[in-house]
Engineer: 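One structure is given below, represented as structure tokens, and several questions about it will come after.
What you see below is based on every heavy atom in this structure, not just the backbone, and it leaves out hydrogens, waters and symmetry mates. Predicted model, so just to flag it, every value in this text is computed and none were measured. Start at 1 with the first residue, then count along the sequence.
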Amino acid sequence: LLFAINALVFVLLNGLKVVYLLSYDNNFQAEEFFQKQILQWFILPAHTENLWNKPWVIFSYMFSHYSVWGLISTCLWLWAFGYILQDLTGNKKLFPLYLYGGFIGAVIFLISIEFVPAFQQNIPQYFMGGSAAVMCVAVAATTLAPDYRLLPMLNGGIPLWVLTLIYVAIDFASVAQSGSSIGIAHLAAGTFGFIF
């Protein structure tokens with residue numbers, strides 16, 4: 001279900017973007033109108049004053065991907081950690097944990113921008129994608145069974161904590177380009193996964 005929702009929103013956003021690109025002669029102008037008229041209704045804005053007239057974006061942002069790589073990355077990591085979490089806890093924990101992680105990430109993202117002066121230097125315009133939610137799922141699965149073995153045919157297997165370490169390193173390397181407030185949101189979501 002999580003894969004389907006992420007893929008559906010991706011297809012919807014990019015389908016609408018194609019309509020905008022075909023409707024305008026200037027690609028820059030088409031992109032600008034698409035972001036103002038469509039994308040802003042799905043992504044989490046960096047400032048809370050833009051949030052009050054569209055509160056649903058606290059949840060819709062975690063299903064919204066603008067790039068193919070963002071969608072593939074979210075789905076691959078979600079598949080890896082989500083499968084393990086479902087194997088350990090059953091089918092009823094993954095969806096709520098994804099939503100909780102994304103929600104906590106959104107709240108901490110907004111709070112850090114509003115109240116931490118150091119983060120106001122490099123403010124991203126918006127936050128989108130399921131990376132905070134997947135971080136929550138990854139940490140929760142690893143906390144439950146850090147020695148869970150992947151590929152057991154290869155010399156006894158690879159412990160889950162190694163995969164999580166790789167994921168966290170890749171995630172924070174990519175987040176370093178986006179801004180510290182997004183990194184704090186991922187850290188908060190991961191902390192919630194640990195507590196959960």
Engineer: About how many Å separate CG of L71 and CZ of F63, when rounded to the nearest 0.5 Å?
Structural biologist: 12.5 Å
Engineer: Return the minimal non-hydrogen interatomic distance between S131 and H186, and the atom names on each side.
Structural biologist: OG-NE2, 2.8 Å
Engineer: Are L165 and I84 joined in one hydrophobic group, where the rule is that I, L, V, M, F, W and Y side chains link up if heavy atoms are under 4.5 Å apart?
Structural biologist: yes
Engineer: By side chain to side chain contact (heavy atoms under 4.5 Å, CB included), which residues pair with A189, not counting sequence neighbours?
Structural biologist: A132, C136
Engineer: Cluster question for you: counting only ILVMFWY and a side-chain heavy-atom cut-off of under 4.5 Å, with indirect links fine, are L8 and V19 together?
Structural biologist: no
Engineer: Any chance you could measure F95, atom CZ, to Y100, atom OH, to the nearest 0.5 Å?
Structural biologist: 11.0 Å
Engineer: Can you tell me which residue pairs pass the salt bridge (charged side-chain N to carboxylate O under 4.0 Å, His left out) test with a partner in residues 29-45, sequence neighbours excluded?
Structural biologist: K17-E31, E32-K36
Engineer: Taking all non-hydrogen atoms of both residues, which atom of Y98 and which atom of N6 are closest, and how far apart?
Structural biologist: OH-ND2, 3.4 Å
Engineer: For the OG atom of S67 and the CG atom of N14, what is their distance to the nearest 0.5 Å?
Structural biologist: 8.5 Å
Engineer: Can you confirm if the aromatic rings of Y20 and F33 lie within a centre distance of less than 6.0 Å?
Structural biologist: no
Engineer: Under a 4.5 Å side-chain heavy-atom rule over Ile, Leu, Val, Met, Phe, Trp and Tyr, are F194 and F196 clustered together?
Structural biologist: yes
Engineer: Looking at every non-hydrogen atom in both residues, tell me the closest pair between M128 and Y126 and how far apart they are.
Structural biologist: SD-CE1, 3.6 Å
Engineer: CH2 of W56: more than 12 outside heavy atoms within 6.0 angstrom?
Structural biologist: yes
Engineer: May I ask you to test the F3-L78 pair for a side-chain heavy-atom distance under 4.5 Å?
Structural biologist: yes
Engineer: Is it true that Y61 and F42 have ring centroids separated by less than 6.0 Å?
Structural biologist: no
Engineer: Please tell me if the side chains of L16 and L39 come closer than 4.5 Å, counting only heavy atoms from C-beta onward.
Structural biologist: no
Engineer: When you group the ILVMFWY residues by side-chain heavy-atom contacts below 4.5 Å and let the links chain together, are F10 and M62 in the same group?
Structural biologist: no
Engineer: My understanding is that only one of I170, D171, T164 makes a side-chain contact (heavy atoms from CB on, under 4.5 Å) with W77; could you say which?
Structural biologist: I170
Engineer: Are more than 12 heavy atoms, taken from residues, nucleotides or ligands other than W79, located less than 6.0 Å from that residue's CH2 atom?
Structural biologist: no
Engineer: Quick check against the 3.5 Å criterion: does H65 have a side-chain atom that pairs as donor or acceptor with the backbone of G130?
Structural biologist: yes
Engineer: Find the distance between CG (L1) and CG (N91) and round it off to the nearest 0.5 Å.
Structural biologist: 11.5 Å
Engineer: Atom CD1 in I113, atom CD1 in I108: separation rounded to 0.5 Å?
Structural biologist: 12.0 Å
Engineer: For L144, run the side-chain contact (heavy atoms from CB on, under 4.5 Å) check against L160, V139, T89 and tell me which one passes.
Structural biologist: T89
Engineer: How about I58 and L44: do any of their side-chain heavy atoms sit closer than 4.5 Å?
Structural biologist: yes
Engineer: If hydrophobic clusters are built from ILVMFWY residues whose side chains come within less than 4.5 Å, do V137 and F59 share one?
Structural biologist: yes
Engineer: Heavy atoms only: give me the nearest P45-K54 pair and the separation to one decimal.
Structural biologist: CG-CE, 4.5 Å
Engineer: Going through the checks in order, is the side chain to side chain donor-acceptor pair (under 3.5 Å) test met by D87 and Y148?
Structural biologist: CA-CA 11 Å; D87 188 37; Y148 186 97; 2.8 Å; yes
Engineer: G82 and L94: which non-hydrogen atoms are nearest, and at how many Å?
Structural biologist: CA-CD1, 3.9 Å
Engineer: Find the distance between CZ (R149) and CG (N155) and round it off to the nearest 0.5 Å.
Structural biologist: 9.5 Å
Engineer: Which of parallel (below 30°), tilted (30 to 60°) and perpendicular (above 60°) describes F127 and F109?
Structural biologist: tilted
Engineer: Does a side-chain heavy-atom distance below 4.5 Å link L163 with I158?
Structural biologist: no
Engineer: Can you confirm if the aromatic rings of Y167 and F81 lie within a centre distance of less than 6.0 Å?
Structural biologist: yes
Engineer: Which pair of heavy atoms, one from L97 and one from A140, lies closest together, and at what distance?
Structural biologist: CD2-CB, 3.3 Å
Engineer: Tell me if the OH atom of Y24 is crowded by more than 12 foreign heavy atoms within 6.0 Å.
Structural biologist: yes
